[in-house]
Structure formats: C-alpha cells, structure tokens
Amino acid sequence: MALVEDSVRVVVTAWAKRQTGILSCSEVPGGAVLFKGEPLTSEALDYAMLCLEAGGVSFIPTELRFEAESPPLARALWARFEQESDASLLRGPDVGLKDTPLTEFAPRLPVHPDTRRLFGVPRDGTTPLAWDFDLDDIDPDVVLSDMSALVRAGFFELKRVSQGSRDDREVGANTFVIEERQHMDACKAELVSMRQKVATRGNVELEQLKREWSLVRQCDEWYAVGVTSADPPERVESACARLEDRYDNLQHDFSLPSEARELMQMMHMKHIGSVNLVRRAMKNRGLFNKAQESYQEGMRQLNAGNFSTAVRLLAAARKANPMNPLILANLGWAVYHDSSQHEDERTEIGRQLVADADAIADNMAEPAMMLARIDLREGMLKQAEQKLRALLRKDQAHAGARELLHEVQRARELER
C-alpha cells in the first residue's frame, strides 16, 4: 500500500519531537503507546507502521511514565520510506529541495553516510541539488535514492529551481536563477568564441584581454574551462590542456606591453586553478564510479563464494570510501573466508575489519551479525549471544538476529 501523507506527518512528528501519548487510527482497530517518540512494545511498533498507510490517524499527547525499554522506530520508518525511493525524481539540473518543519529531524534516521554529509545546509528550493555533486566525493546514486525517500516522507519538499513561489498559492518564475543561468551561458559562449583563435604575439590585443579577464572572473570553474560536469572525460581533458597552454609562454614575452603580460599572468593563474579543480572533480567522479562497480561485482563474487576475487574488488571499493561500514564489513567477511591465505592471518585480519565496521556502523546491523557468526564459528558462544542480544535491544524486529540467537543458544545447550 502507498503512504498516506497526512498520516506520515502525524507519526513522524510524534517520533521527531519525542512526544509521549496515544497513536490511534480510524481505519485500524486498537492503538499504540509512544513513549518519548518510540513505540512502547513491538506490537505498538507494528501498529505505528500500519498507520503510515491508513487514513484518520491522530496522536493524543499524555503524561504517561514508563520504565520499559522501547523498540526503535527510526529503523522501521526508514525501511518503509526506502521502499518509496525513486532517484529519477531528483535527477536533472533544475531540481532543488526546500526545507520543511521535519528537515531538522532527518539526521536521526539511519541514512547512508554520504547522504548525511548533505544535511545541515539550509535549502530554499533555489539551488540545484546537482551542484552538491560537482566536486564532492560522494556517491550521487545513493544520495539521490535517500533524498527521494526523504522527499516522499515529507522531510524535504521538491522544487523546480526555475520556478519560485510568490506566495503559498501562486508559483512564478524565479527571475534571478533564470537571468544568472542566461548570463553564465552567454559568458561561456563568448569565452569559447575568443579561445577558438590560438593566442600568439601577433593577435594579442589589450582590450580583448581585458574583456576575457572580465568574463573569466565572473565564471565558475566549469564555465571558465568551457565544459560541463556531464561532458565525456576526453573532451574535458582536451579543454583543460588547451586552457593550460593558452598564455603559458606569452605571459613571459617582454616584447609585449607590461599591462598585457600582467593580465595574461592573472588569467593563466586563474586558468590553472580552474583546470585543477575540474580535473579533480572528473577524477573523483571516475574514481567513485569505478568504486561502485567494484563493490557491486565484489558482492556478486562474495555471494558466489569466490572470496579471493571478492577481496580484491572490495579492497578497491574501500579505497574510494574507507569509512563506509558496509564495504568494510563485507571486505572483512571476504578476507576471513579467503582460503588462499594463511588461516591464522586471514581470520585475525578479517575479524578486525568487521569489528572496525561495527564500531562505525551507527544503526547498521550487518557488521554485528557478521561478528556474531564469526564468534559462533570459532566457538565463542557467550560472546556471540551477547552481541545478538545487544542488537535485539536496538531492533527487536530483526528476524535474522533472532534466528541466529536461537542457533547460538542451541549450540550452547549441546555444549553443556
């Protein structure tokens, strides 16, 4: 069933503001007690999740006092919101986001670390979301997927940058954004036209240099180079190389007027800075695209039991994102099971990598589950049971942890 916008707002607001009270719904019999925003029991958690897809949901604050440990709602909410994600909604140069009253609570959800890096920046719907991906070492596909889920859940509002609201009801053109884009496009076109001529001593004109310097100072790095972030790498590199060479020799030609040489030196420094930033952006984009491919192929090899190959691929993915707990945990799991390596060494290194992933995993359960399985395999049953109980205290609905706990308990009984 689909999410009901008003119902999502009621449940998420009570959770976000850590309210205590009774959650009820005209379409679902019964009710749920929320204590400081969290369901008091697993049944209350199930009821709260049903409310997301039903109408007539209400929340009545009360002054209840409880000592019981409540199951976390954040993971269940996020699991449901992820089902609504659609990265295609946020693709394109005209897509922007606007903050809502729920935006400040988004960091409490177990979103991907790359997405978390985009929080904390006020958004008014006038800045393209795509700008966040130009020079940043994040995975755009992951972020777009997460942010689209947050939009569907009401944490952000989707806007078109080329449009702005004159009031709550009337939508009109955002003239500033449109004019700025037109101005930048005109600057870029004029620069490209100027640079079609190879700069030589014979065609250097002071007025043209002044005009070019004026245009260069107005442009960002992409416009200054004359490319876009969507251009193929070979085209970008060709433009960078031409720009590096444009005034490299002429800036030291003392037969030219001093004012002309000074302008060329300033432009050359500006060009070098623009070229370096653009190259870095393209390198990062290529690096992370390759890392994503390495991770996906590494997981396929891991699931197929080809541990040596998986180690090589996951290690490549980790270089691009060393603090991603999921990559680190799966790398550790692959190392632990790689029979081509010495057993004592691989088991020690593999366990440590998974433990490191668990330490930075925040709300991720996978690293803890892997550690528990390693403990079970090595006969450290009490330690495995402790890990699983700690995991279930955070997420009582985790079926995999409960099944593994039963397996550990059976092994402990056989040991007695």
Side-chain angles (χ1 to χ4, degrees), residues 1-16 37-39 42 44-54 57 71-91 95 97 99-100 102-119 123 129 132-133 138-158 288 292 295-296 299-300 303 317 321 323-330 357 360-370 391-392 394-402:
M1 293 178 65
L3 294 173
V4 177
E5 184 177 342
D6 290 341
S7 301
V8 170
R9 186 181 301 110
V10 171
V11 175
V12 171
T13 299
W15 164 77
E38 301 290 356
S42 58
L45 174 62
D46 294 339
Y47 186 90
M49 298 309 296
L50 289 173
C51 286
L52 299 177
E53 301 170 348
V57 175
L73 182 56
R75 178 174 287 278
L77 284 173
W78 185 239
R80 181 61 186 85
F81 295 158
E82 279 189 305
Q83 297 174 18
E84 301 293 320
S85 67
D86 182 2
S88 64
L89 293 175
L90 304 187
R91 295 190 189 280
V95 177
L97 297 180
D99 289 347
T100 72
L102 293 175
T103 299
E104 64 178 300
F105 304 111
R108 289 180 52 199
L109 293 168
V111 300
H112 192 279
D114 284 2
T115 306
R116 198 171 295 278
R117 292 174 63 179
L118 270 63
F119 292 156
R123 298 181 183 276
L129 181 63
D132 292 331
F133 307 138
I138 59 177
D139 186 333
D141 293 329
V142 170
V143 174
L144 288 172
S145 178
D146 281 2
M147 295 297 269
S148 69
L150 292 170
V151 168
R152 298 296 288 268
F155 288 85
F156 294 96
E157 184 180 350
L158 183 64
F288 282 88
Q292 187 176 23
Y295 177 70
Q296 292 170 348
M299 291 303 297
R300 281 194 287 270
N303 293 330
N321 200 342
M323 295 304 290
N324 185 311
L326 204 53
I327 295 177
L328 189 58
N330 282 299
I360 61 173
D362 196 13
N363 291 316
M364 268 185 205
E366 289 84 351
M369 289 286 291
M370 291 181 187
L391 177 56
L392 286 168
K394 296 179 183 177
D395 184 4
Q396 293 185 10
H398 198 296
R402 198 169 294 281

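- Of the possible polar contacts, one joining the S7 side chain to the A54 backbone as a donor-acceptor pair under 3.5 Å is found.
- F105 CZ to T100 OG1: the interatomic distance, rounded to the nearest 0.5 Å, is 9.5 Å.
- Side-chain contact between L3 and R80: present, with at least one pair of heavy atoms (C-beta onward) separated by less than 4.5 Å.
- To the nearest 0.5 Å, the span separating CG on L109 from CZ on F119 amounts to 7.5 Å.
- Counting only distance, with no hydrogens or angles, the side chain of E38 and the backbone of L73 share a donor-acceptor pair below 3.5 Å.
- The two atoms that bring D99 and T103 nearest to each other are CA-OG1, 3.3 Å, heavy atoms only.
- Between A76 and L45, the closest heavy-atom pair is CB-CD1, 3.8 Å.
- Considering all non-hydrogen atoms of both residues, V11 and C51 come closest at CG2-CB, 4.2 Å.
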message: Is there a side chain to side chain contact (heavy atoms under 4.5 Å, CB included) between Q296 and M299? Walk through the geometry before answering.
response: CA-CA 5 Å; Q296 292 170 348; M299 291 303 297; 6.0 Å; no
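- What you find for P325 and A357 is that their closest heavy atoms are O-CB, 3.3 Å.
- Atom CG of residue L102 and atom CZ of residue R108 lie 11.0 Å apart, to the nearest 0.5 angstrom.
- Among all heavy-atom pairs drawn from A401 and L391, the shortest one is CB-CD2, 3.7 Å.
- Using a cutoff of 4.0 Å between basic side-chain nitrogens and carboxylate oxygens, D141 and R91 are scored as salt-bridged.
- For the atom pair CG of L89 and CG of L144, the computed distance is 10.0 Å after rounding to the nearest 0.5 Å.
- For the residue pair D86 and S148, the shortest heavy atom distance occurs at N-OG, 2.8 Å.
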- request: Check the pair V4, L52 against side chain to side chain contact (heavy atoms under 4.5 Å, CB included), reporting the backbone distance first and the verdict last.
  value: CA-CA 6 Å; V4 177; L52 299 177; over 6 Å; no
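- The NE2 atom of H112 sits 12.0 Å away from the CG atom of L118 when rounded to the nearest 0.5 Å.
- Counting heavy atoms from C-beta on, the side chains of V57 and D6 never come closer than 4.5 Å.
- Put simply, CG on L90 and OG on S85 are 10.0 Å apart, with the number rounded to the nearest 0.5 Å.
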task: I would like to know whether E366 and N330 meet side chain to side chain contact (heavy atoms under 4.5 Å, CB included); could you show each step before the answer?
output: CA-CA 9 Å; E366 289 84 351; N330 282 299; over 6 Å; no
- request: Evaluate the side chain to side chain contact (heavy atoms under 4.5 Å, CB included) criterion for residues D146 and F81: first the C-alpha distance (whole Å), next the side-chain angles of each, then the deciding distance (0.1 Å), finally the verdict.
  value: CA-CA 9 Å; D146 281 2; F81 295 158; over 6 Å; no
